[in-house]
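For reference, the structure is listed below as structure tokens.
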Amino acid sequence: MRWTCEYLMHPHLLSPSNLTRNLINTYKFAFLHIQHSSLVNGDSTYESKMKTLHANLIKNGSLLHNLQVGNRLLNLCVESLNFGYAQKLFDEMLYRDVRTWTIQLSGFARVGSFSSALDCFRRMQNECVWPNNFTLSSVLKCCSSLYELRIGKSVHGWIVTSGIGLDVALENSILDLYVKCEAFDYAKKLFELMEDRDNVSWNIMVGAYLHIGEVEKSLCLFERLPEKGVASWNTIIDGLMKNGFQGIALELLYRMIISGHVFNKVTFSIALNLASSLSNVELGRWIHACVLTFGVQDDRFIRNSLIDMYCKCGEMEKASVLFQKVSRDFVRTRNSKTSCEAEIVSWSSMISGYVRNGEYDDAFKTFRSMVCEQVGMSKFTLTSIVSACANAGILELGRQMHAYIMKVGHKIDAHLSSSLIDMYAKCGSLDDAWNIFNQTDSLNVVQWTSMISGCALHGQGREAVKLFEHMMKKGVRPNEVTFIGVLTACSHAGLLEDGCDYFKLMKGHDLKPGFEHFACMVDLYGRAGRLNEAKEFIYNNSLSHLSAVWRSLLSSCRLHKDFAMAKWVSEKLPQHEPCDAGPYILLSNMLATEHKWEESAKVRSLMQLRGVKKHPGQSWIQLKNLVHTFVAGDRSHPQDTEIYSYLERLIGRLKEIGYSSDVQMVIQDVEEEQGEVFLSLHSEKLALVYGIISTPCGTPIQIMKNLRVCTDCHNFIKCTSKLLDREIIVRDIRRFHHFKHGRCSCGDYW
DNA sequence: TGGTTATTGG
């Protein structure tokens, strides 16, 4: 190998008589040798060696006089993805035939330059080179990738009129073009007219029916297939899953196995995807075991599917182990385009996995390494990271990400714009959310929903309702999530009648209310003070097994001070969710308000006995580039002496303007005075005080909290906003509270 | 012919 390479570096050693098949092979070896040493041994002289090789090739001009030799070399360049050299060689070749053009054209198609491939086809036609079936297949593939139905149809027309021999493969390409371009009628007609149909033709049609959601027809077609190949099974299982028929998909996978079909690489990907969409980690693990048995664990698609499956099943550690292995391998193969794409997918999967599992810090860390290691960004990565900013509520980071996206020059597509709208809304800047919303040209249902939910989040119920009406007028169909948004808005703004109307409207849109919608309705009745109607609604709709609706009713009871019903409800709660700490705390809280300390303590010990852990309350505030997090009674902050002494003085001054601690929220068996002390140390108060002492007078302060804000803290913040004349914004787990001049945007209704 | 990653709610 080394000898051949050195030999080629000295062209004077070449004699014209060597211009034979052997020479081509020698070039082939040299090519592969240079590429191999660059990829595996990290040889940095790759570029210069290739240049030398190429120069020698050109110098030995006779090579380019021989069409056969030229074509073979061109093919070699294309196959090894050395596209720059392929282009040079193509331009320098003296003679070109249909094969030369086809190699070049399919080369463009292979690296995803479909437009260049079509240009190549046009030039070829201009030079009156008659295409063959391979050329046409490639051209049709380019058309379908570019959704170029018009060009595709003209190619079809040309094929028919030119009298070129049509074979099944070419007809299948046309069929596939029509399906991909959603010209389903054309596809159906062509399929009916086809004299020879092979398995591929049938599979394309099965896939086509699945694509347009005609699941039953696709199943019929599938069952009619006389010999079902692995590809047929793959198509039907994948399509069923994508149409939301996970159960049938799983059944078919089982049927496929027991009828003796052996999985191929595609089957593994699909099966892993099925496992994650069912959140069935056992199935996922079983498939992982099969992957290892078959020895296909190094396939990039399968690896990524494995990572994604573990991410979606919440097993981030397992995903991370696989990911580390992948990224080690990728370092060595960075040069090829396909491996780059596969690498980006695995990074994206990891980031979205961390976001999905609420591990935002890890998501940010992964993103940072991705930037440092100069891995290319995809819109998937960016969308996930914006969503991480949204959920973590870190406005400054969100803004930086937005700026980064603009700087990199990424196009803001529908997914990105909806996640940006959502991010700004969730990070407290509704104005920025509106800016993105107003700048978007054709709004889809997700973007409308993000904006509607954003308004609801900020207590702008009427604005949300207006938006919803506007959206309907524009002819955009609301989905289930849109209704959750608009119902929440009605509930937060106390718009009982509108809420009931919208709930009824769901039927008109063929949408079945889920438990979230029912919970919104219970909330709506409850907040409006219609506690009995809320209770009736629960029983009339058989919702009594859902703890979410009882919890919502309980909050309303507290709001309207109906202690009798509150106690009745809070006793029901732990039965439904024995592992959730919330109901126990609420119940013991209710008992404590009636000074029934013993019973309250019993509930607490029952909770301990069952090993239920309380979710610790946390509040955080971002100042400059740092996020400061506090828990109740936190003494770990470096400025804690300052914080505590300011807090004490502040409470004293607030009392002078009428603030008093709301001891009803005390959840421990303590005396009032002690209770007051305990309340004063809630995490949001600490975060607020830290914000006050760290910023100039009059600066608005924004705090985030992972639980709902309690009545006492709500009161405390209201009074503080009045006393210090500061705008204070608090995001709790459900909504935003904008405090100004002693009032809150929620109207004390949350 | 078929396979992996993203947005609104929970």
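Since the structure is predicted, the reported quantities are computational estimates derived from the model, not experimental observations. Note on naming: letters A, B, ... go to the chains in the order of the sequence lines (proteins, then strands), and numbering restarts at 1 for each one.
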Considering only side-chain heavy atoms of [X], which listed nucleotide, [options], is closest?
X       : options                : result
V481(A) : dT1(B), dG9(B), dG3(B) : dG9(B)
D422(A) : dT8(B), dT4(B), dG2(B) : dT8(B)
K312(A) : dT1(B), dT7(B), dT5(B) : dT5(B)
K426(A) : dT8(B), dT7(B), dT1(B) : dT8(B)

(Q) Going by side-chain hydrogen bond (donor to acceptor under 3.5 Å, both in side chains), name the pairs with one or both residues in residues 182-193 of chain A, residues two or more places apart or in two chains. (A)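 Non-adjacent pairs meeting side-chain hydrogen bond (donor to acceptor under 3.5 Å, both in side chains): K153(A)-Y186(A), E182(A)-H211(A).
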
Q) So, do F380(A) and dT5(B) meet the stacking rule of ring centres under 5.5 Å and planes under 30°? A) yes

Q: Compare the ring of F268(A) with the six-membered ring in the base of dG3(B) and state whether they stack (centres under 5.5 Å, planes under 30°).
A: no

**Q.** Residues in salt bridge (Lys or Arg N to Asp or Glu O under 4.0 Å) contact with E315(A), at least two apart in sequence or another chain
**A.** R285(A)

Q. Is there a donor-acceptor pair under 3.5 Å between the side chain of R197(A) and the backbone N or O of F191(A)?
A.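 Pair found, side chain donor or acceptor close to backbone of F191(A).
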
Q: Spell out, as yes or no, whether a donor-acceptor pair under 3.5 Å connects the side chain of S450(A) to the backbone of V446(A).
A: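 Yes, the answer is positive, given that a donor and an acceptor are paired below the 3.5 Å cut-off.
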
Q | Of residues 197-210 of chain A, the positions that come close to DNA chain B - non-hydrogen atoms, cut-off under 4.0 Å | A | V200(A), N203(A), I204(A)

When you check the phosphate oxygens OP1 and OP2 of [N], does a side-chain N or O of [X] lie under 4.0 Å from one of them?
X       : N      : answer
R356(A) : dA6(B) : yes
K242(A) : dT4(B) : yes
N172(A) : dT1(B) : no

